[in-house]
Participant: 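The structure that follows is given in the form of structure tokens.
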Number of protein chains: 2
Amino acid sequence: MGMGRPREFDAEVALDQAMEVFWRHGYEGATIAQLTEAMGINPPSLYACFGNKEGLLKAALDRYTKLRNVWMDGVVAAPTARDVAERMLMGIAEKQTDPANPPGCLLVQGGIATGTGSENVPFELAARRAQNEDQLRDRFVRAKAEGDLKPTSDPAALARYVSAVSVGMGVMASSGSDREALRQVADVAVQAVEMQSARG
Amino acid sequence: MGMGRPREFDAEVALDQAMEVFWRHGYEGATIAQLTEAMGINPPSLYACFGNKEGLLKAALDRYTKLRNVWMDGVVAAPTARDVAERMLMGIAEKQTDPANPPGCLLVQGGIATGTGSENVPFELAARRAQNEDQLRDRFVRAKAEGDLKPTSDPAALARYVSAVSVGMGVMASSGSDREALRQVADVAVQAVEMQSARG
DNA sequence: CCACATCTGTAGTGAACACTACAATTCTGG
DNA sequence: CCAGAATTGTAGTGTTCACTACAGATGTGG
């Protein structure tokens with residue numbers, strides 16, 4: 001018994017193309033026709049490989065968050081809570097205005113509100129945003145234990161705050177704000193974290 | 001020559017219902033069937049009154065921003081830049097988790113990314129968000145002139161920052177964050193503005 | 001009371017959507 | 001080289017979408 005005809009496309013390359021379409025048009029705004037054209041395949045190949053449109057989105061999100069987590073590991077490796085916030089927000093200002101990608105963040109652009117039948121998508125995106133927030137919170141908990149953050153500081157609140165600013169910057173980027181505008185936002189935002197630092 | 005059969009529904013009441021549907025499902029996620037049912041009218045009445053789906057959205061946005069502007073006038077009436085930021089962000093924490101409305105902000109939920117043919121919608125929302133930012137900026141310019149904000153402060157950057165935090169809070173609210181979580185974000189965010197205050 | 005203008009409900013319209021049936025093709029194992 | 005398994009391109013499927021034609025209803029001006 002043979003193993004069948006081999007796939008003629010690279011699933012990861014195709015996923016990158018699909019990711020860009022979802023990033024630019026959102027889950028519901030992206031059509032199968034756009035996706036298959038960008039991926040360079042025909043609908044049956046898409047469905048055989050990813051199940052359905054939502055399965056394709058999840059695969060694209062997995063790939064997106066995987067790359068993002070590598071970056072986040074570098075962010076939380078900064079020596080202080082203040083530097084973590086600065087590295088994160090300044091990095092986001094850069095990434096979200098990188099002309100190599102659509103503006104903004106896939107975890108926001110993917111879909112905040114949806115029609116009936118796609119209610120699952122916003123939850124999926126929110127869950128992945130929450131992962132980043134958790135990682136930040138853990139880092140800030142450590143910073144507090146180390147005496148880097150004030151004893152009165154609230155690491156969870158700080159993490160939520162940095163996460164909220166990131167999302168806000170993503171929306172700004174997608175609606176045309178340039179890199180300098182985002183840097184200014186990041187610069188102001190970092191000062192709030194600085195105020196919670198022991199030597200702030 | 002007569003004036004024709006009079007309209008049997010109240011356009012403002014119908015708009016409120018349409019606003020809620022757009023708020024919950026976004027522009028593209030809202031269907032004409034959902035809109036007409038919520039408004040209590042049939043499609044021909046909708047099209048006769050508002051032109052098309054996008055015209056209905058614009059009318060709903062006009063109504064939304066009109067109410068919001070009244071509130072914003074109260075916000076910028078606060079005595080200091082810091083109090084303006086606090087009043088705005090704490091008020092947003094409350095409004096975006098008000099069970100009388102869908103969670104979040106219509107100017108975000110309405111549509112960040114869209115499919116082909118609705119590219120105009122995100123611009124429309126961004127333009128209305130920019131109005132609020134401009135109003136904040138003007139208020140912070142005044143605060144700087146009054147010596148309330150430091151001479152080194154950047155009113156435009158501060159306004160952008162507060163606007164970005166507002167948007168981020170809106171996304172958080174729509175993905176399930178409760179009022180207390182938003183209040184914590186607002187509380188941290190205000191501290192950055194406080195640092196730019198002359199007596200901060 | 002009649003001509004006319006506008007609204008209302010019913011019942012569709014064509015287009016676009018996500019998804020798939022099917023037959024031809026290309027591989028592996030024996 | 002042949003049988004079976006998986007992928008491929010073509011060409012659809014039914015459904016849902018925004019939007020509208022039309023006929024009856026309800027008002028105003030003369």
Side-chain angles (χ1 to χ4, degrees), chain A residues 1-15 17-19 21-22 24-61 110-111 113-121 124, chain B residues 1-15 17-19 21-22 24-61 110-111 113-121 124:
Chain A
M1 23 180 153
M3 286 167 56
R5 177 175 177 175
R7 181 177 295 146
E8 292 184 2
F9 63 96
D10 182 326
E12 285 212 333
V13 171
L15 257 187
Q17 305 305 318
M19 191 172 77
V21 176
F22 282 133
R24 202 173 292 280
H25 298 289
Y27 174 72
E28 292 193 298
T31 69
I32 297 291
Q34 286 174 325
L35 289 164
T36 52
E37 184 180 349
M39 298 166 86
I41 61 178
N42 289 307
S45 299
L46 190 160
Y47 284 90
C49 191
F50 301 105
N52 57 20
K53 191 181 176 185
E54 194 169 332
L56 177 61
L57 175 73
K58 284 183 184 167
L61 289 177
T114 60
T116 313
S118 307
E119 297 91 346
N120 199 39
V121 170
E124 195 75 33
Chain B
M1 23 182 152
M3 288 166 56
R5 177 174 176 175
R7 182 177 294 147
E8 293 184 2
F9 63 96
D10 182 327
E12 286 211 333
V13 171
L15 257 188
Q17 305 304 318
M19 192 172 76
V21 176
F22 282 133
R24 201 173 293 280
H25 298 289
Y27 174 72
E28 292 192 297
T31 69
I32 297 290
Q34 286 173 326
L35 289 164
T36 52
E37 184 181 350
M39 298 166 85
I41 61 177
N42 289 308
S45 299
L46 190 160
Y47 284 90
C49 190
F50 301 105
N52 57 19
K53 191 182 176 185
E54 195 169 331
L56 176 61
L57 175 72
K58 284 183 185 169
L61 288 177
T114 60
T116 313
S118 307
E119 296 90 347
N120 199 39
V121 170
E124 195 74 35

Participant: According to side chain to side chain donor-acceptor pair (under 3.5 Å), who are the partners of B:Arg7, at least two apart in sequence or on a separate chain?
Facilitator: none
Participant: From CD of A:Gln34 over to P of C:dA16, roughly how many Å is that when rounded to an integer?
Facilitator: 12 Å
Participant: Detail all sub-3.5 Å separations between protein N/O atoms and N/O atoms belonging to nucleotides 19-26 of chain C.
Facilitator:
{"from": "C:dC19", "atom 1": "OP2", "to": "A:Tyr47", "atom 2": "OH", "distance (Å)": "2.9"}
{"from": "C:dC19", "atom 1": "OP2", "to": "A:Lys53", "atom 2": "N", "distance (Å)": "3.1"}
{"from": "C:dC19", "atom 1": "O5'", "to": "A:Tyr47", "atom 2": "OH", "distance (Å)": "3.3"}
{"from": "C:dT25", "atom 1": "O2", "to": "A:Arg5", "atom 2": "NH1", "distance (Å)": "3.0"}
{"from": "C:dT26", "atom 1": "O4'", "to": "A:Arg5", "atom 2": "NE", "distance (Å)": "3.4"}

Participant: Let me know the distance between CZ of A:Phe50 and P of C:dA18, rounded to the nearest Å.
Facilitator: 16 Å
Participant: Rounded to whole Å, please give me the gap between CG in B:Leu46 and P in D:dC17.
Facilitator: 15 Å
Participant: Expressed in angstrom and rounded to an integer, what is the separation of B:Glu28 atom CD from D:dC19 atom P?
Facilitator: 12 Å
Participant: Supply the atom-to-atom distance A:Gln34 CD to A:Gln17 CD, rounded to the nearest 0.5 angstrom.
Facilitator: 13.5 Å
Participant: Could you give the CZ-to-C1' distance, from B:Arg7 to D:dT28, as a whole number of Å?
Facilitator: 17 Å
Participant: What pairs meet the side-chain hydrogen bond (donor to acceptor under 3.5 Å, both in side chains) rule with one or both residues in residues 36-60 of chain B, with sequence neighbours excluded?
Facilitator: B:Glu54-B:Asn120
Participant: For A:Asp10 and D:dT7, give me the distance from atom CG to atom P, rounded to whole Å.
Facilitator: 15 Å
Participant: Working note: A:Leu57 + A:Glu124, criterion side-chain contact (heavy atoms from CB on, under 4.5 Å); need CA distance, chi angles, decisive distance, verdict.
Facilitator: CA-CA 10 Å; A:Leu57 175 73; A:Glu124 195 75 33; 5.5 Å; no
Participant: Report the C-alpha distance between B:Asp10 and B:Leu15 in whole Å, list the side-chain angles of each, state the deciding distance to 0.1 Å, and finish with yes or no for side-chain contact (heavy atoms from CB on, under 4.5 Å).
Facilitator: CA-CA 9 Å; B:Asp10 182 327; B:Leu15 257 188; over 6 Å; no
Participant: Do any side-chain nitrogens or oxygens of B:Ser45 fall under 4.0 Å of OP1 or OP2 in C:dT8?
Facilitator: yes
Participant: For the CZ atom of A:Phe50 and the CD1 atom of A:Ile41, what is their distance to the nearest 0.5 Å?
Facilitator: 6.5 Å
Participant: Between atom CD in A:Glu37 and atom P in D:dG9, what is the gap in whole Å?
Facilitator: 14 Å
Participant: Give the rounded distance in Å between these two atoms: CG of B:Asn42 and P of D:dC22.
Facilitator: 18 Å
